[in-house]
Number of protein chains: 2
Amino acid sequence: MTSSDADSPDLYSIADLAREFGISTRAIRFYESKGLIAPERLGATRVFRRRDRARLILILRGKRLGFSLRDISDYLALYDADRGQQVNLLAEKVDERLKLLEQQLADLQTTIAELQEIRKLARTRVSSAS
Amino acid sequence: MTSSDADSPDLYSIADLAREFGISTRAIRFYESKGLIAPERLGATRVFRRRDRARLILILRGKRLGFSLRDISDYLALYDADRGQQVNLLAEKVDERLKLLEQQLADLQTTIAELQEIRKLARTRVSSAS
DNA sequence: CAGTTGTTTGACGCTAACGTAAAGCCGTGA
DNA sequence: TCACGGCTTTACGTTAGCGTCAAACAACTG
């Protein structure tokens with residue numbers, strides 16, 4: 001159901017992914033050097049698969065959320081941990097991270113509300129001009 | 001209603017604010033050097049008021065959301081712009097920023113949902129052990 | 001065969017956001 | 001008076017996250 005959908009290519013060059021996600025190849029290599037991804041090799045050349053691509057998506061989302069690569073690395077580990085590990089410890093870590101994210105969610109909602117307020121004020125002022 | 005509540009001190013030293021918010025005085029001076037705050041001076045000594053303190057709160061919230069000081073600076077400007085400015089331009093900028101924030105909100109909700117899913121899996125596995 | 005395109009590994013450069021002395025001024029209490 | 005804590009500026013150091021060559025190899029193309 002997952003391992004044989006046989007539709008998307010499942011083989012990507014570093015340039016493929018760089019193009020697709022609008023980042024540099026340098027960035028991708030940097031992520032690898034930090035252990036965030038671990039593509040296979042064909043000789044010396046990196047070969048990326050769906051799994052690597054999926055991880056890249058998570059990395060970029062993490063970046064949009066303002067996380068450091070270190071944080072993102074921990075975050076990715078939570079996914080990997082699914083494949084058998086210290087499960088109790090995993091649950092703790094997940095809860096930790098969820099707390100942070102919910103704080104962030106609260107901050108975000110406050111900020112959005114304040115900006116909408118500002119916009120409202122701006123509009124009422126402008127309603128008398130052209 | 002706002003200008004004479006006469007309760008909170010309204011006069012803070014740099015160390016006061018550093019303590020209150022758990023940041024370094026160096027950081028506060030750095031924010032000033034970047035124009036994010038502009039405390040008055042008594043001789044050479046910085047004197048902070050409620051307004052400065054309020055700005056600091058916004059700055060720290062921005063940081064929790066992963067924004068750069070540059071971004072936060074722009075963001076603060078939206079508040080200042082309330083005091084008469086190019087109002088149309090203001091509305092545009094606010095809308096721009098709102099878009100980003102809403103993207104971020106979506107990312108965040110996705111991430112939270114995924115983590116909750118992982119936690120659920122962890123719990124069902126652990127339900128058979130001690 | 002030469003040239004182009006895509007890949008690799010260094011290695012140095014750069015910006016952001018402070019940390020960390022260093023050295024001096026200023027007011028207060030013993 | 002003098003030591004002390006708190007404030008100041010100046011300046012160099014540090015980490016993260018890449019950008020930007022440089023030099024070299026590998027495959028394809030004309």
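Below, chains carry the letters A, B, ... as their sequence lines are ordered, and counting in each starts from 1.
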Spacing of [X] atom [atom1] relative to [N] atom [atom2], expressed in whole Å:
X       : N      : atom1 : atom2 : value
B/Phe48 : D/dG6  : CZ    : C1'   : 14 Å
B/Leu42 : C/dC26 : CG    : C1'   : 12 Å
B/Arg29 : C/dG19 : CZ    : C1'   : 12 Å
A/Arg26 : D/dA16 : CZ    : C1'   : 12 Å
B/Arg19 : D/dC7  : CZ    : C1'   : 13 Å
B/Tyr31 : C/dG19 : OH    : C1'   : 13 Å
A/Glu32 : D/dG17 : CD    : P     : 16 Å
B/Leu36 : C/dC18 : CG    : C1'   : 13 Å

Notebook entry, point to check: Which of the following nucleotides, D/dC18, D/dT8, C/dT8, is nearest to the side chain of A/Ala27?
Noted result: D/dC18
Note to self: Taking the minimum atom-to-atom distance to the side chain of A/Leu69, which one of C/dA17, D/dC7, D/dG17 wins?
What the structure shows: D/dG17
Next item on the list: Classify the nucleic acid contact of B/Thr25 as base, sugar-phosphate or nothing, counting any heavy atom under 4.0 Å across all strands shown.
Entry: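 Nothing, no heavy atom under 4.0 Å.
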Margin query: Base, sugar-phosphate or nothing for A/Ser68? Non-hydrogen atoms, less than 4.0 Å.
Written below: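 Since only primed, P, OP1 and OP2 atoms lie under 4.0 Å of A/Ser68, the category is sugar-phosphate.
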Is [X] close enough to [N] that one of its side-chain N or O atoms is under 4.0 Å from OP1 or OP2 there?
X       : N      : value
A/Arg46 : C/dT9  : yes
B/Lys63 : C/dA17 : no
B/Ser13 : D/dC7  : yes
B/Ser24 : C/dG19 : yes

Notebook entry, point to check: Hey, quick one: are A/Ile57 and A/Phe30 part of the same hydrophobic cluster, counting side-chain heavy atoms closer than 4.5 Å, chains of contacts allowed?
Noted result: yes
Checklist line | A/Leu76: which of A/Ile59, A/Asp71, A/Ile37 passes side chain to side chain contact (heavy atoms under 4.5 Å, CB included) | finding: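 The single option meeting the side chain to side chain contact (heavy atoms under 4.5 Å, CB included) with A/Leu76 is A/Ile59.
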Next item on the list: Assess the side chains of A/Arg61 and B/Thr111: does a donor N or O sit below 3.5 Å from an acceptor N or O?
Entry: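 The answer is yes; a qualifying pair exists.
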Margin query: Rounded at 0.5 Å granularity, tell me how far OG in A/Ser33 sits from CD1 in A/Ile28.
Written below: 12.5 Å
Notebook entry, point to check: Is the Lys NZ or Arg CZ of B/Arg46 less than 6.0 Å from the centre of B/Tyr12's six-membered ring, within 45° of the axis?
Noted result: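 Pair B/Arg46/B/Tyr12 does not count as cation-pi.
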